[in-house]
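So that the names make sense, note that chain A is the first sequence line, chain B the second, and so on, each numbered from 1.
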Number of protein chains: 2
Amino acid sequence: MNAIDYRKVSDFFNVFSHPTRVEMIIELLKGKKCVSDIRELLELNQPNVSQHLSLLRLNDIVDWCQEGKRKCYFLKNPQLIKVIFDVLKKNKLL
Amino acid sequence: MNAIDYRKVSDFFNVFSHPTRVEMIIELLKGKKCVSDIRELLELNQPNVSQHLSLLRLNDIVDWCQEGKRKCYFLKNPQLIKVIFDVLKKNKLL
DNA sequence: TAAAGATATTCTAATATCTGAATATGAAGG
DNA sequence: CCTTCATATTCAGATATTAGAATATCTTTA
């Protein structure tokens with residue numbers, strides 16, 4: 001009973017295991033952004049942005065809302081992300 | 001100046017992005033263990049354990065000491081790991 | 001409803017990662 | 001030193017992930 005789901009944990013961390021996604025998440029920590037904002041900020045092509053966002057979506061890290069023609073992405077639980085990144089900062093990992 | 005090294009961050013998270021390594025780390029959180037202890041606990045073959053441990057070593061998550069014929073592995077910064085996993089627990093991710 | 005802009009999906013090639021088998025290295029005891 | 005036990009490294013095949021091109025799907029507005 002109450003066995004740890006190691007896969008669930010590793011899937012969560014896997015979201016953060018690519019530099020592009022880390023950068024996306026750090027940008028989203030500053031506030032909601034639409035796909036083309038992210039595309040320009042990170043200087044990536046659109047499908048690449050979209051693919052990484054879809055992984056973030058599937059892992060419940062982000063959600064989005066429609067704003068006109070744009071889809072605006074935001075962190076579902078910014079507090080969680082903030083806490084984790086603060087821990088990294090304290091440990092000189094960020 | 002002070003640019004974030006996204007690769008460094010993603011490399012750190014990558015360590016935790018495999019269920020076997022998550023399980024290893026959780027076991028090491030309970031205390032120092034030698035390779036064969038880990039092998040038996042996780043029911044893995046020896047090279048596999050060794051490979052995952054080497055990744056943990058290269059990323060400065062663990063260190064080891066010789067005890068007789070055995071190599072005993074331990075977390076370099078258990079406090080950091082503990083804090084991160086506590087955050088996960090609070091968020092029902094663990 | 002047609003057109004245009006914004007985003008998503010699919011596909012492919014390149015690359016990275018994982019596993020397990022074989023082999024190598026290193027330590028302790030005789 | 002030689003043997004044995006413990007661990008590490010190397011290698012090859014299988015699998016997964018990534019970037020980018022081509023294409024499809026929404027959404028809004030005319």
Could you state the atom-to-atom distance from CZ of A/Arg7 to C1' of D/dA16 in whole Å?
12 Å
Provide, to the nearest angstrom, the distance between the CG atom belonging to A/Asp37 and the C1' atom belonging to C/dA6.
12 Å
Value in whole Å for how far the P atom of D/dC5 lies from NZ of B/Lys71
19 Å
Rounded interatomic separation in angstrom, taking CG from B/Leu56 and P from D/dA8:
11 Å
I'd like to compare against my own output: the B/S/- annotation of nucleotides 19-30 of chain D with a strict under-4.0 Å heavy-atom distance to protein.
BBBB----SS--
Short side-chain to backbone donor-acceptor contact, B/Arg21 and B/Val15, under 3.5 Å:
yes
Integer-rounded Å distance: D/dA8 C1' and B/Leu55 CG
14 Å
Verify the neighbour count for atom CZ of A/Arg57: are there more than 12 heavy atoms of other residues, nucleotides or ligands below 6.0 Å?
yes
Is there a donor-acceptor pair under 3.5 Å between the side chain of A/Arg39 and the backbone N or O of A/Asn45?
no
So what does B/Arg57 hit on the nucleic acid, given a heavy-atom distance under 4.0 Å: a base, only sugar-phosphate, or nothing?
sugar-phosphate
B/Arg21 near the nucleic acid: base, sugar-phosphate alone, or nothing, with a heavy-atom cut-off under 4.0 Å?
sugar-phosphate
Return the value, rounded to whole Å, for the distance between atom OH of A/Tyr6 and atom C1' of C/dC18.
20 Å
Show the nearest heavy-atom pair for residues A/Val87 and B/Leu80, with the distance to one decimal.
CG1-CD1, 3.3 Å
If we ignore hydrogens and angles and just use 3.5 Å, is the side chain of A/Ser50 paired with the main-chain N or O of A/Pro47 as donor and acceptor?
no
Output the rounded distance in Å from CG (A/Leu42) to P (D/dT18).
15 Å
Hey, which of these two, B/Ser50 or A/Ser17, hits DNA chain D nearer its 5' end, going by closest nucleotide?
B/Ser50
Assuming nearest nucleotide by heavy-atom distance, tell me which of A/Ser54 and A/Arg70 is located more 5' along DNA chain C.
A/Arg70
Set of residues satisfying side chain to side chain donor-acceptor pair (under 3.5 Å) with respect to B/Asp60, sequence neighbours excluded
B/Lys76
Is there side-chain contact between B/Phe85 and A/Ile4, with at least one heavy-atom pair below 4.5 Å?
no
Less than 4.0 angstrom between a side-chain N/O of A/Tyr73 and OP1 or OP2 of C/dA6, yes or no?
no
Does A/Ser36 reach a base, just sugar-phosphate, or nothing at all? Heavy atoms under 4.0 Å.
sugar-phosphate
